[in-house]
Amino acid sequence: MLQPVTRCMRLLHTRPLNKPIPKPSPSLVSDSKMIQQCNTSITKYMRTGQCHSALRIFNNMTQRTSVSWNAMISGYLLNNKFDLARQMFDKMPQRDLVSWNVMITGCVRNGNLGAARNLFDQMPHRDAVSWNAMLSGYAQHGYVEEARMVFDRIPNKNSISWNGILAAYVQNGRIEDAQKLFESNSAWDVVSWNCLMGGYVRKKRLIDARCLFDRMPKRDEVSWNTMISGYAQNRELAEAHKLFDESPIKDVYTWTAMVSGYVQNGMVDEARRVFDEMPLKNSVSWNAMIAGYLQCKKIEVAKELFDAMPCKNVSSWNTMITGFAQSGSIDLARDLFEKMPWRDCISWGAIISGYAHLGNNEEALRLFVEMKRSGEKANRSIFSCILSTCAEITSLELGCQLHAQLVKVGLGSGWYVGNALLSMYCKCGNIDEANVIFEEISDKDIVSWNTIIAGYARHGFGKEALRVFESMKRSGVKPDEVTMVGVLSACSHSGLVDRGTHYFHTMNHDYGITTNSKHYTCMIDLLGRAGRLDDALNLMKNMPFEPDAATWGALLGASRIYGNTELAEKAAEMVFQMEPDNAGMYVLLSNLYAASGRWGDVGAMRLKMRDTGVKKVPGYSWVEVQSKIHVFSVGDGTHPDTVRIYGYLEELYFRLKEDGYISSPKLVLHDVEEEEKEHMLRYHSEKLAVAFGILNIQGGRPIRVFKNLRVGEVLLRCDFV
DNA sequence: ATCTCCAAAT
């Protein structure tokens, strides 16, 4: 609206009023035509992603209008080159309304609402587009109230302003407000109807959506497509198909809605039939079809389609890589990953989580480093994946570095990454930092609470765990089954038998939690540790589940502690039946026999292990020194510092003996010669790791030693602080 | 005729 005025002003400036306006000379006419042609070319190049060619044209122009600059700015924004766009905007000599509006929109799309607001406040004149851009900016970032305030202040509201505020409500889930607004006015256009209808579809309120659809004064393609995909995505394929047949015009969206609807409902053959009938396919249609085949594990067909696809985009590659990775074909995934023409953070995330999922933590970490070197920024999902990798290999130092990176890029807040950080600190043995993180999560969800409770329990801080549990209840979060597993194991590890028993019996009544087998296992562990083996056994007999390996394992652990070999044998026998590959159980039972001097049974156990092909997982201990992990096994002689480590341990033993310490070979659980037993005691993997830690970690700093042997779900860990 | 704001499908 103000645009023509501004242009007149410019003319007034360049041509004095008292002289008649001269007719444009032929050269001037051709100049302005030239400029127009150049502007058109810039736009065309930008639309096809050829920023360099656009820039060359722009640089070669001897005269430019604001449209030339605007075309460059919006072109850069279209190609996600925000910084270049901003540079152009800052450099341009005379900004017009469109320049400001384009830049504001760019800031909003780049996630920088503050910059958008600054521009909005600075601009000399605003039109409806400026206001609408700000309104939509607030709406897109979840600031509904601010969006409403902008809307109320718009002096010359147009239909887009009205649709903007309607969309603000719909996008942020406030369908009732949207509905109220809609009813308060009658001058809505087809976009408004579509918008509200889309809101109902999102809320899965298909009946309300359909009601609007039927009442609409005018329908366009979007109306049909919204309604069709609403049905298709909510398992109402028959209704979707009916509407599809009725639809007067079908475009790519219409067809694709049907394809992805069938795919999402696992009807891949129907999807394929529609896909083959489509008169025109775009990359979304192809990708949906490929994802469908990957979903139902028809990997080969997916790959065939992918190879035949003419217009592969990053999503196509990402879909295939994710599919391969999730079906365990990590090498095929990697092959595609290496071949793809360009990658985004989804591609990196797909391959990294693929390796992490298979337990190849080293490769996951290596790729993460490579990603950062390539200049790609990690998103929340990648950070979360890598944090759990750190937890898996218990690399606290690496975890701390990630934490620092998260703070730097501003992704540290919020429960999503917060929970991953929390879990990392818990598993890496830094429960204090875990607590700091926990306190900092402003939008704690049930997982946050459960993680910190289980973390405290795991580290033996039962009372702390229960204190957190109480404050969880006070803050109005309802405990779930997982919470109670943490709470019961907290009681178990701290010997709080009565309290644990109380929770166990009241949790159904108090929190509506159905007792599951994990809870029973916790209780058996709790009673067993307290020496109440009979009660534990009774509980197991009366529980409404068949005891699983974990339950018997808990009983075995308890019997072992209290030297009840008979019960332990029975428990171990059950575990063998259920999990013939559970090497840990063979070792436990073998150790139990050894402890009671039943060497014949130990030998039989060994034979059984050999015959069933079970391999004992060797016990490892490791310690982290300056981001490097040093691993030790029993009597390890492979470490470069072996001589120093053994020398130090010898010296330590000499001093211990001088003080009257006698090591206790009886605790060694193998049938070996006395001398060798003593050797094993001295050079047990933890001791080697501790010695190395003492020799290499500065005094006053904690030495954290980790072990790989697991009993049930609990990672045994020694913290030497 | 070239530039900006609202609605639909991985």
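Bear in mind the structure is a predicted one, so any value in this text is a computation, not a measurement. Order of the sequence lines fixes the chain letters, A, B, ..., with proteins taken first and strands second; residue numbering starts at 1 for each chain.
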Looking at [X], does any N or O in its side chain come under 4.0 Å of the phosphate oxygens OP1/OP2 on [N]?
| X | N | value |
| --- | --- | --- |
| Q37(A) | dA1(B) | no |
| S136(A) | dC6(B) | yes |
| Q171(A) | dA7(B) | yes |
| R126(A) | dT4(B) | no |
| R47(A) | dT2(B) | no |

[X] side chain: which of [options] is closest?
| X | options | answer |
| --- | --- | --- |
| N70(A) | dT4(B), dA9(B), dC3(B) | dC3(B) |
| N39(A) | dT2(B), dA9(B), dT4(B) | dT2(B) |
| N225(A) | dC3(B), dT2(B), dA8(B) | dA8(B) |
| T43(A) | dA9(B), dC5(B), dT2(B) | dT2(B) |
| V67(A) | dT2(B), dA7(B), dA9(B) | dT2(B) |
| Q140(A) | dC3(B), dC6(B), dA9(B) | dC6(B) |
| T40(A) | dC6(B), dC5(B), dT2(B) | dT2(B) |
| Q233(A) | dC5(B), dT4(B), dA9(B) | dA9(B) |
| T256(A) | dA7(B), dA9(B), dC5(B) | dA9(B) |

Report the distance from atom [atom1] of [X] to atom [atom2] of [N], rounded to the nearest whole Å.
| X | N | atom1 | atom2 | answer |
| --- | --- | --- | --- | --- |
| M61(A) | dC3(B) | CE | C1' | 13 Å |
| N132(A) | dA7(B) | CG | C1' | 14 Å |
| L135(A) | dC6(B) | CG | P | 9 Å |
| W131(A) | dC6(B) | CH2 | P | 17 Å |
| K33(A) | dT2(B) | NZ | C1' | 15 Å |
| N194(A) | dA9(B) | CG | C1' | 14 Å |
| M278(A) | dA9(B) | CE | C1' | 10 Å |
| Q36(A) | dC3(B) | CD | P | 12 Å |

Salt-bridge present (R273(A), D269(A); N to O < 4.0 Å):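 Judged by the 4.0 Å cut-off on N to carboxylate O distance, R273(A) and D269(A) do not form a salt bridge.
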Ion pair check, E363(A) and R366(A), cut-off under 4.0 Å: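 The answer is yes: the pair qualifies as a salt bridge.
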Please classify the nucleic acid contact of [X] as base, sugar-phosphate, or nothing, using heavy-atom distances under 4.0 Å.
| X | value |
| --- | --- |
| V102(A) | sugar-phosphate |
| S283(A) | base |
| D220(A) | base |
| N282(A) | base |
| S315(A) | base |
| Q295(A) | nothing |

Stacking check Y253(A) vs dA8(B) (5.5 Å / 30 deg):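 Given the distance and angle limits, yes, they stack.
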Pi-cation contact, W348(A) with R343(A) (under 6.0 Å, within 45°):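 Yes.
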W131(A) and F151(A) aromatic centres sub-6.0 Å: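 No, the ring centres sit 6.0 Å or more apart.
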Test of ring centre spacing under 6.0 Å for W255(A) and F275(A): no
Test item: V259(A) and R272(A) side chains (from C-beta on) under 4.5 Å apart, heavy atoms: no
Member of Y169(A), W193(A), Y200(A) meeting the ring-ring contact (aromatic ring centres under 6.0 Å, His included) criterion with F182(A):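 One option only clears the test, and that one is W193(A).
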